[in-house]
Amino acid sequence: RRRPSPEVRRALFVRRMEQRGLLDRALLLDCPMDSAAAARAVGEFLASGAPRPTALLCANEECAIGALRALEGAGLGVPGEMSVVSFNDTPRSALVEPPLTSVSAHVEEMARTALRLLSERAVLPGRAPVRTIPLKVVVPPALAVRESTRQAPGCEN
């Protein structure tokens with residue numbers, strides 16, 4: 001099964017945010033998923049004078065690193081004035097300054113599981129497959145909280 005395209009993932013994200021009443025379309029920034037493009041997009045957004053959010057949720061680590069650069073260039077402290085969260089949680093997430101709070105999709109675990117399930121369904125000469133019925137497996141994400149985030153103002157207990 002193919003992963004949804006970035007456009008499909010974005011549309012799903014927008015729909016879920018709308019369902020929860022959390023979406024302000026003006027706060028969605030479109031840019032290629034690399035550091036330089038993210039730095040430009042965030043820099044342009046900050047220079048526009050539009051109301052600033054309290055946090056940026058970046059599609060990947062590269063975008064988050066670009067966002068950190070743009071925020072630093074604009075003189076905004078992370079997490080003091082804006083929090084930044086990324087996806088992928090590679091070892092690099094812990095090495096940037098400040099270390100990035102990041103969501104891990106456990107890609108290695110998904111790959112191991114896919115290979116195991118494939119081998120269970122494989123038809124080998126002289127051997128019946130162990131599994132013939134498709135199986136849906138959900139690998140829950142994990143959040144590694146680091147220094148790039150803090151509680152948003154007004155959300156204290």
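What's counted below: heavy atoms across the whole structure, side chains too, no hydrogens, waters or symmetry copies.
- At a threshold of 4.5 Å between non-hydrogen side-chain atoms, the residues Arg69 and Ser35 count as touching.
- Contact check for Ser93 versus Phe87: no side-chain heavy atoms found under the 4.5 Å cut-off.
- For the pair Leu68/Pro98, a side-chain contact is recorded, criterion being any heavy-atom separation below 4.5 Å from C-beta on.
- Note on Val107 and Val137: same hydrophobic cluster, where clusters join Ile, Leu, Val, Met, Phe, Trp and Tyr whose side-chain heavy atoms are under 4.5 Å apart, directly or indirectly.
- Counting non-hydrogen atoms of neighbouring residues, nucleotides and ligands closer than 6.0 angstrom, the CD atom of Glu72 reaches no more than 12 such neighbours.
- A side-chain donor-acceptor contact under 3.5 Å links Thr101 and Thr149.
- Cluster annotation: Leu117 and Leu115 are assigned to distinct hydrophobic clusters (Ile/Leu/Val/Met/Phe/Trp/Tyr, side-chain heavy-atom contacts under 4.5 Å, transitive).
- For the pair Ala70 and Leu46, the tightest heavy-atom approach, listed with the atom from each and the gap, is O-CD1, 4.1 Å.
- Although no hydrogens or angles enter the test, the distance criterion places no donor-acceptor pair under 3.5 Å between the side chain of Ser148 and the main chain of Ser83.
- Looking at Arg146 and Asp89, a side-chain N of the basic residue comes within less than 4.0 Å of a carboxylate O on the acidic one, giving a salt bridge.
- Annotation: the span from Cys63 atom SG to Leu56 atom CG amounts to 10.5 Å, rounded to 0.5 Å.
- The pair Arg112-Glu108 does not meet the salt-bridge criterion, since no charged nitrogen lies less than 4.0 angstrom from a carboxylate oxygen.
- By the 4.5 Å heavy-atom criterion applied to side chains, Thr113 and Arg116 are counted as neighbours.
- Glu81 places none of its side-chain heavy atoms less than 4.5 Å from the side chain of Thr54.
- Using modelled atom types, one finds a donor on one side chain and an acceptor on the other under 3.5 Å when comparing Glu61 with Thr90.
- Minimum interatomic distance between Ala142 and His106 (heavy atoms only, all atoms of both residues): CB-NE2, 3.4 Å.
- Taking 4.5 Å as the limit, some side-chain heavy atom of Glu62 sits within range of a side-chain heavy atom of Arg92.
- One distance of note links OG of Ser104 with CG of Asn88; it measures 8.0 Å at 0.5 Å rounding.
- Within the 4.5 Å cutoff, side-chain heavy atoms of Val84 are placed close to those of Cys58.
- One distance of note links CG of Asn60 with CG of Asp34; it measures 8.5 Å at 0.5 Å rounding.
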